[in-house]
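Quantities reported herein were computed from a predicted structural model and do not represent experimental measurements. All residue numbers in this chain count up from 1 along the given sequence.
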Amino acid sequence: MSKQMVCSCEDVTVDDIRHAVAKGFRDVESVKRFTGFGTGVCQGKSCLSAVAALLAKDKAQKPEGLLPFTPRPPLYPTELSVLASLPVDETQPPVGGMFEEMSVFPPVLRPESPVPKKAKVVIIGGGILGLALAYNLSLRGEKDVVVLERGYLCAGASGRNGGGVRMQWGTSANIELAKRSIELMGRFARDMGINVWLRQGGYLFMAKTKAVAQRLERNAALHNKHGVPTRLLTLDEARDIVPGLTLKDAQAATYNPQDGVIFPWPFLWGYANACRKAGIAVETFTTVTGFEQSDGLVRKVKTDRGDIACDTVVVASGAWSPEVAKLAGVKLPNEPHRHEILSTEPLKPFLGPLVSVLDSGLYFSQSMRGEIVGGMGDALEPAGLNMGSTLRFVSRFARALTEQLPNLGHVKVLRQWAGCYDVTPDNSPVLGRTPGLENMLQLSGFVGHGFMMAPAVSERMAAWMTSGTSDELFTRFSLRRFQEGKLEREDMIIG
């Protein structure tokens, strides 16, 4: 066993890289997420070339496949106080962004072998929802499943979020789904053999306006009806939970100690590994190009690696779901919206809960490695598949964070990135059968919370798909509700 270090920031060794390659991860982005190299203080400046050299030793590897990942801005670690001092024109919407993720992945990364010629179920989207559904189908005996992912695992929103998981929601459906999901997350390491670092330090919500304060109070009562121990806090009680928190302009706060945070990457790896062990094909770097249809059914899924005949197709592509559905002539009401996020240098543990100012969309927590990880919504963000990073975001976030925790002004931001929310008109998902195309099932529209709902939703969807019994979840949240005006509005959306 080699102890030779490749990434000293994150203690990644040569053997760790070799282990990732043996698992099938041969591109730099996948290896980065599997091992964590390049996520430390130097942001890959010292270790990227060493990792690329190791990958180049794979005889099957092509030079074009060793494309370096893009270092996340800022170029150098920068103090929050400096970023907070930068001017921002709040009247103008954000535009562009630097180091945007590739919309088309290099063809050289596409596997040379064809996809399976047929499968009972084809799931389009290798994020947490698609993989969790495939895994739950395997538990119920359905293993003739193919999962298609356009990029590497963790390329989309499932690998780009802050890892928050909470039961504090505004609808009974979401509360019950979240309760079950967190229960399953607590068993994940035992069931799947991989640690997702679930830390139930709670969520502390703050409200700055009377309207939002009333919403927190109303929803806290709803939580209690469902057995969730959310409680209203006085401002002094909130400061006891997070010492140093100013609660500037706060009118109300709520707290549920059973909410928490997990590490997104191993969560996704766990489901992917379990799928492969069950014999399910997880096909990465594979793009869906169309569908063959007849008699109101999808007969084949067309890809850039061949066609797959199928009985059922599931659209679980997150913010890309409208583009996929459009290939079948189906219009979804979902819109993609960029949400940016950042991570700081590690600090000694001091922050128990994830803290959120519901009015502004600010949220932040402390990871198991000690980093402050957080984001903030932007009301002027236009719709679109944009994952570029902006100076506007990091400045707004730094100002809002240091307003609540002034003692963090000296802390340095190491990296920032972005992902896309999958937003529907009522902030609730699109589930179940597609009108006029009965064997195309929808599993999208979760805004920013599909990650935390995936275990419970996929469990119920797999049961619904394999048992033949009805489940009101897949009629209540069907695509038909937008035509019928039966919206299910969720009002506890961060950002």
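- Within 6.0 Å of NZ on Lys179 lie more than 12 heavy atoms contributed by other residues, nucleotides or ligands.
- At least one donor-acceptor pair closer than 3.5 Å links the side chain of Trp417 to the backbone N or O of Arg160.
- Although no hydrogens or angles enter the test, the distance criterion places no donor-acceptor pair under 3.5 Å between the side chain of Asn136 and the main chain of Met461.
- With hydrogens and angles ignored, the 3.5 Å screen pairs no side-chain donor or acceptor of Arg415 with any backbone N or O of Ser343.
- No hydrogens or angles considered: nothing links the side chains of Asn334 and Ser321 as a donor-acceptor pair under 3.5 Å.
- Judged purely by distance below 3.5 Å, without hydrogens or angles, the side chains of Glu490 and Thr171 pair a donor atom with an acceptor atom.
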**Request:** Decide salt bridge (Lys or Arg N to Asp or Glu O under 4.0 Å) for Glu371 and Arg369; before the verdict, give the C-alpha distance in whole Å, the side-chain angles of both, and the deciding distance to 0.1 Å.
**Result:** CA-CA 6 Å; Glu371 308 145 318; Arg369 301 194 303 184; 2.7 Å; yes

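- Inspection of the Gln168 and Thr254 side chains reveals an N or O donor paired with an N or O acceptor under 3.5 Å.
- Taking the ring centre of Trp197 as origin, the terminal cationic atom of Arg199 falls outside the region bounded by 6.0 Å and 45° from the ring axis.
- No side-chain donor-acceptor contact under 3.5 Å links Ser181 to the backbone of Ala178.
- For an aromatic pair to be called close, the ring centres must be under 6.0 Å apart, and His223 with Trp169 fails this.
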**Prompt:** Does the salt bridge (Lys or Arg N to Asp or Glu O under 4.0 Å) test come out yes or no for Lys326 and Glu323, once each step is laid out?
**Reply:** CA-CA 5 Å; Lys326 186 178 180 181; Glu323 289 193 345; over 6 Å; no

**Prompt:** When you look at Met376 and Ile341, which way does the side-chain contact (heavy atoms from CB on, under 4.5 Å) test go after all the steps?
**Reply:** CA-CA 7 Å; Met376 185 176 180; Ile341 189 170; over 6 Å; no

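- Counting only residues at least two apart or on different chains, the ring-ring contact (aromatic ring centres under 6.0 Å, His included) pairs with a member in residues 464-495 are Trp464-Phe474.
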**Message:** Between Thr434 and Glu438, does the side-chain contact (heavy atoms from CB on, under 4.5 Å) criterion hold? Intermediate values first, please.
**Reply:** CA-CA 6 Å; Thr434 303; Glu438 289 299 297; over 6 Å; no

**Request:** For ring-ring contact (aromatic ring centres under 6.0 Å, His included), just list the numbers for Phe25 and Trp269, CA-CA rounded to whole Å, side-chain angles, deciding distance to a tenth of an Å, and then say yes or no.
**Result:** CA-CA 11 Å; Phe25 306 118; Trp269 298 130; 4.6 Å; yes

**Request:** Show your reasoning for whether side-chain contact (heavy atoms from CB on, under 4.5 Å) applies to Arg338 and Met387.
**Result:** CA-CA 6 Å; Arg338 172 176 58 181; Met387 292 193 290; 5.8 Å; no

**Request:** Would you sort out whether Asp311 and Lys120 count as a salt bridge (Lys or Arg N to Asp or Glu O under 4.0 Å), showing the intermediate values?
**Result:** CA-CA 5 Å; Asp311 295 337; Lys120 191 167 184 181; 5.4 Å; no

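- Between Phe393 and Phe397, the ring planes are tilted. Angles from 30° to 60° get that label.
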**Request:** List the steps and the verdict of ring-ring contact (aromatic ring centres under 6.0 Å, His included) for Tyr271 and Phe267.
**Result:** CA-CA 7 Å; Tyr271 277 122; Phe267 195 37; 5.5 Å; yes

**Prompt:** Between Tyr421 and His339, is a ring-ring contact (aromatic ring centres under 6.0 Å, His included) present by the stated rule, with each step listed?
**Reply:** CA-CA 7 Å; Tyr421 274 20; His339 278 251; 3.5 Å; yes

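- With Thr424 contributing its side chain and Ser428 its backbone, the two residues share a donor-acceptor pair below 3.5 Å.
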